[in-house]
Amino acid sequence: MKLKLIMSGLAAFGVMAGTSSAFAQEEAARNAIAERLAPVGQLCLQGQDCGTASAPAESSSDSGDDIDGGEIYSNVCAACHESGAAGAPIRGDEEAWAERTEQGFATLLDHSINGIGAMPARGGNPDLSDEEMEAATAYVVEPVMDVSDVGSASSDDEAATEEASAATQEEDAAGTEEEMASSAEESDGTTEEDMASASDQEAATDSDSGLDGEALYSSLGCVACHANGVAGSPLIGDVEAWEPRIEQGKDTLYQSVFNGKGAMPPRGASQGSDEEIMAVVDYMVSEVQ
């Protein structure tokens, strides 16, 4: 009798153990499936604490390292700083850069951003941010100047930047006054017929392209050279200087700007589209016809 009871107990225990094992396996299978179906990420809106609060700060601190100053230099600055066009100091020429580097990096950066001499603001590309200009400037002066501390300028450098900016503004103001005076003198000899003809031609140009050539002339940086005759560029409005060029035809003028000619780099060192470049050429030609 006792033997039967023992055997019955063992049988019951075996059933319970088997059932428990089956339940455990089933639970493990469900957990594995849930894990495989879990989303790979979590949507976290600004202001919410999703356990990743440090991520934005890390991204922000590394953002400057993602800017390739060398690539910007190649696309925008190299046309002048590799050839010395318009008096630009050649990259790596210690003698040419000596006096400039003594002014400090902050001053050089200010010149890059606001323009100086024949160099237009932001190298003629208004789309470049201050950070991109800083990276490009650091790359230009790297062979002749220690730029390891770029981004943490001292108070002396900041003061120098303010002084340089003020001086640049004064120079620009003086240049503007001279240009206005010169334009006024030239306009004294302009007949009403000439003005009407120029106006008609400008209107025709605008209607053809739909682009504002006059505005692009300034924004693409063409004014930096063609308003002052830098590096032999023909002054805007100078009939004598433009006459032999116009005789070659507009297609030739377009190609000269697209490909560069003489001291003028391709596209005037800008990133203007073909249509924008053509609109600028049309505008400049209309000023002498």
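We count residues from 1, following the sequence as given.
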S.K.: Can you check whether Met284 reaches Val280 side chain to side chain, under 4.5 Å on heavy atoms?
M.R.: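 Met284 vs Val280: side chains touch.
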S.K.: Quick one: pull up CZ in Arg100 and NE2 in His111 and give me the separation to the nearest 0.5 Å.
M.R.: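 Here the rounded value is 9.5 Å.
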S.K.: Tell me, do Val141 and Phe105 make a side-chain contact under 4.5 Å, heavy atoms counted?
M.R.: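 Of all side-chain heavy-atom pairs linking Phe105 with Val141, at least one is under 4.5 Å.
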S.K.: I need the minimum non-hydrogen distance between Ala85 and Ala79, along with the two atoms involved.
M.R.: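 Closest approach of Ala85 to Ala79: CB-O, 4.3 Å.
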S.K.: In Å, rounded to the nearest 0.5 Å, how long is the span from CD of Glu142 to OG1 of Thr137?
M.R.: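 Reported to 0.5 Å precision, the distance equals 12.5 Å.
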S.K.: Is it true that Phe258 and Ile246 fall in one hydrophobic cluster, defined by side-chain heavy atoms closer than 4.5 Å?
M.R.: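 Yes, one cluster joins them.
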S.K.: Would you indicate whether the side-chain heavy atoms of Asp251 and Tyr254 approach each other to under 4.5 Å?
M.R.: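 Sidechains of Asp251 and Tyr254: in contact.
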S.K.: How far does CG of Leu253 sit from CE of Met278, to the nearest 0.5 angstrom?
M.R.: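 Atom-to-atom, Leu253:CG and Met278:CE are 11.0 Å apart.
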S.K.: Should we count CD of Glu99 as having more than 12 external heavy atoms under 6.0 Å?
M.R.: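 No, the 6.0 Å shell around CD holds no more than 12 heavy atoms from other groups.
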S.K.: List for me each residue that meets salt bridge (Lys or Arg N to Asp or Glu O under 4.0 Å) alongside Asp274, sequence neighbours excluded, and say none if there are none.
M.R.: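 Here the qualifying residues are Arg267.
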S.K.: Could you check whether any side-chain heavy atom of Arg122 comes within less than 4.5 Å of a side-chain heavy atom of Ser112, counting everything from C-beta outward?
M.R.: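 The answer is no; the side chains never approach within 4.5 Å.
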S.K.: Between CG of Leu108 and CD1 of Ile113, what distance do you get to the nearest 0.5 Å?
M.R.: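 Those atoms lie 11.5 Å apart.
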S.K.: Please give me the minimum heavy-atom distance between Val257 and Met264, naming the atom from each residue.
M.R.: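 Between these two residues, the closest heavy atoms are CA-CE, 3.7 Å.
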S.K.: Quick one, Lys261 and Gln255 - any side-chain contact, counting heavy atoms below 4.5 Å?
M.R.: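 A side-chain contact is absent here, since even the closest heavy-atom pair is not under 4.5 Å.
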S.K.: Just wondering, do Cys80 and Met119 contact through their side chains at under 4.5 Å, heavy atoms?
M.R.: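 In short, these two side chains do not touch, never coming nearer than 4.5 Å.
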S.K.: How close do Ile72 and Ile67 get, heavy atom to heavy atom, and via which atoms?
M.R.: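 Closest approach of Ile72 to Ile67: CD1-CG2, 3.9 Å.
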S.K.: Determine, stepwise, if the pair Arg91 / Tyr139 fulfils side chain to side chain contact (heavy atoms under 4.5 Å, CB included).
M.R.: CA-CA 9 Å; Arg91 183 176 187 268; Tyr139 180 82; 3.4 Å; yes
S.K.: Using every non-hydrogen atom in the two residues, find where Leu211 and Ala279 come nearest and quote the distance to one decimal.
M.R.: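 Shortest heavy-atom contact: CB-CB, 3.9 Å.
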S.K.: Which value, rounded to the nearest 0.5 Å, describes the distance between Asp282 atom CG and Tyr217 atom OH?
M.R.: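 It is 15.0 Å, given to the nearest 0.5 Å.
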S.K.: Would you say Gln248 has more than 12 foreign heavy atoms packed within less than 6.0 Å of its CD?
M.R.: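 Yes, CD of Gln248 has more than 12 neighbouring heavy atoms, counting only those of other groups under 6.0 Å.
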S.K.: If you round to the nearest 0.5 Å, how far is CD1 of Ile236 from CD of Glu287?
M.R.: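 Answer rounded to 0.5 Å: 5.0 Å.
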S.K.: Should Ile277 and Leu220 count as side-chain neighbours, where that means a heavy-atom distance under 4.5 Å?
M.R.: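 They are in contact (side-chain heavy atoms under 4.5 Å apart), so the answer is yes.
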S.K.: What are the two closest heavy atoms between Pro234 and Ala241, and how far apart are they?
M.R.: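 Minimum heavy-atom separation between Pro234 and Ala241: CB-CB, 4.0 Å.
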S.K.: Taking all atoms of both residues into account, what is the closest heavy-atom pair of Pro143 and Gly92, and its distance?
M.R.: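 Scanning both residues, the minimum pair turns out to be CB-CA, 3.9 Å.
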S.K.: Sequence neighbours excluded, which residues qualify as side chain to side chain contact (heavy atoms under 4.5 Å, CB included) partners of Leu235?
M.R.: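 Partners of Leu235 under the side chain to side chain contact (heavy atoms under 4.5 Å, CB included) test: Asp238.
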